[in-house]
Structures are given as structure tokens and as C-alpha cells.
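Because the structure is predicted, anything quoted here is derived from the model rather than measured.
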Amino acid sequence: MLFTAGAYPLIGGLLHPVDSDTDDTMMMSLYFTLGVFLLVAVRKPSAHRSLIAFAAWSSFAHAVVMSILGFHIPSERVGFLIGSAILVVIGVALLALAPAKRLEEPASAAGA
């Protein structure tokens, strides 16, 4: 649900492109789309493990990039590090809530 909340800044950025950061608007479009697909995946999470894992690991990757940028851009450090922490929490939550991979039965046992 948090990713779909990206619709608000996305729409604001599209309605007022001069007043907004285009990079943020583009990122919100990706996160909003991912959020919609994650909401669909909630119905049958075991069938959508790879999507859930992608959302988690992409959150970690985004957090790493933001953290590095936070150390290179001192004026943005606090915002980037707070955003990174939030993304790490989201990634951990997604991995923790993802269903475990089911083991397949051996073919010889199924045919017996």
C-alpha cells in the first residue's frame, strides 16, 4: 500500500512539472506501478514470490544508492539516510512476509 501512495506526489509532479523534481516524479511512477502489482500479488503470494523478492531487493539497492549519495551531497544527507532506512525496513518486511519456497516432490515418489 505504501508504494501505491506514490500516486499523490506523482500526480502533483505531473500537474506542476515546473515546481517538482522530475527525477522524483519518474521514481514515483515506478513505485506506484510496483505497488499496484504487489497489491495484486497479495491474493496469491506464493505464485508471485519473484515479484515480492524483486520489490524487496530493489528497495535495498535504492537504499544503498541513496546512502552513498547522502555522503556525497551533505545538504541532502539527512533526507537520503532517512529515506534509506525506510527502504531497508520495507525490504526486510517484504522478505519476512514472502511465502517460503515449496519443495517439489521427487518424481519417483509421485509415480509410485
Side-chain angles (χ1 to χ4, degrees):
M1 296 280 299
L2 185 61
F3 285 148
T4 57
Y8 180 74
L10 170 62
I11 292 169
L14 293 174
L15 293 177
H16 307 287
V18 176
D19 299 333
S20 69
D21 183 359
T22 56
D23 293 343
D24 289 343
T25 303
M26 287 186 274
M27 283 303 300
M28 286 301 114
S29 70
L30 295 173
Y31 277 120
F32 172 73
T33 305
L34 181 58
V36 170
F37 279 92
L38 285 171
L39 286 175
V40 171
V42 166
R43 292 182 179 180
K44 194 171 181 189
S46 59
H48 302 284
R49 288 184 73 251
S50 60
L51 174 67
I52 296 167
F54 170 78
W57 288 103
S58 67
S59 293
F60 294 142
H62 192 160
V64 167
V65 171
M66 283 179 59
S67 295
I68 292 170
L69 287 174
F71 289 107
H72 289 292
I73 308 171
S75 63
E76 300 290 331
R77 182 170 294 152
V78 172
F80 281 169
L81 293 179
I82 290 171
S84 296
I86 291 169
L87 286 168
V88 167
V89 168
I90 290 170
V92 168
L94 285 169
L95 288 179
L97 296 173
K101 188 173 183 178
R102 292 186 299 186
L103 296 175
E104 299 293 326
E105 277 188 33
S108 60

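Rounded to the nearest 0.5 Å, atoms OG (S84) and CZ (F60) are 12.0 Å apart. Atoms OG and CG, from S58 and L34 in turn, are 6.0 Å apart once rounded to the nearest 0.5 Å. I86 CD1 to H62 NE2: the interatomic distance, rounded to the nearest 0.5 Å, is 11.0 Å. How far CD1 of I73 is from CD1 of I68: 11.5 Å, rounded to the nearest 0.5 Å.
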N/O donor-acceptor pairs under 3.5 Å from side chains in residues 87-96, not counting sequence neighbours:
none

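Here the closest non-hydrogen pair linking G79 and M66 is O-CE, 4.4 Å. The shortest non-hydrogen separation linking R77 to F71 is NH2-O, 3.2 Å. Across all their heavy atoms, R49 and P99 have their closest contact at NE-O, 2.9 Å.
Side-chain heavy atoms closer than 4.5 Å link hydrophobic residues (I, L, V, M, F, W, Y) into clusters, and following such links, possibly through other members, connects V65 to F80. Transitive grouping of hydrophobic side chains (ILVMFWY, heavy atoms separated by less than 4.5 Å) keeps Y31 and V64 in distinct clusters.
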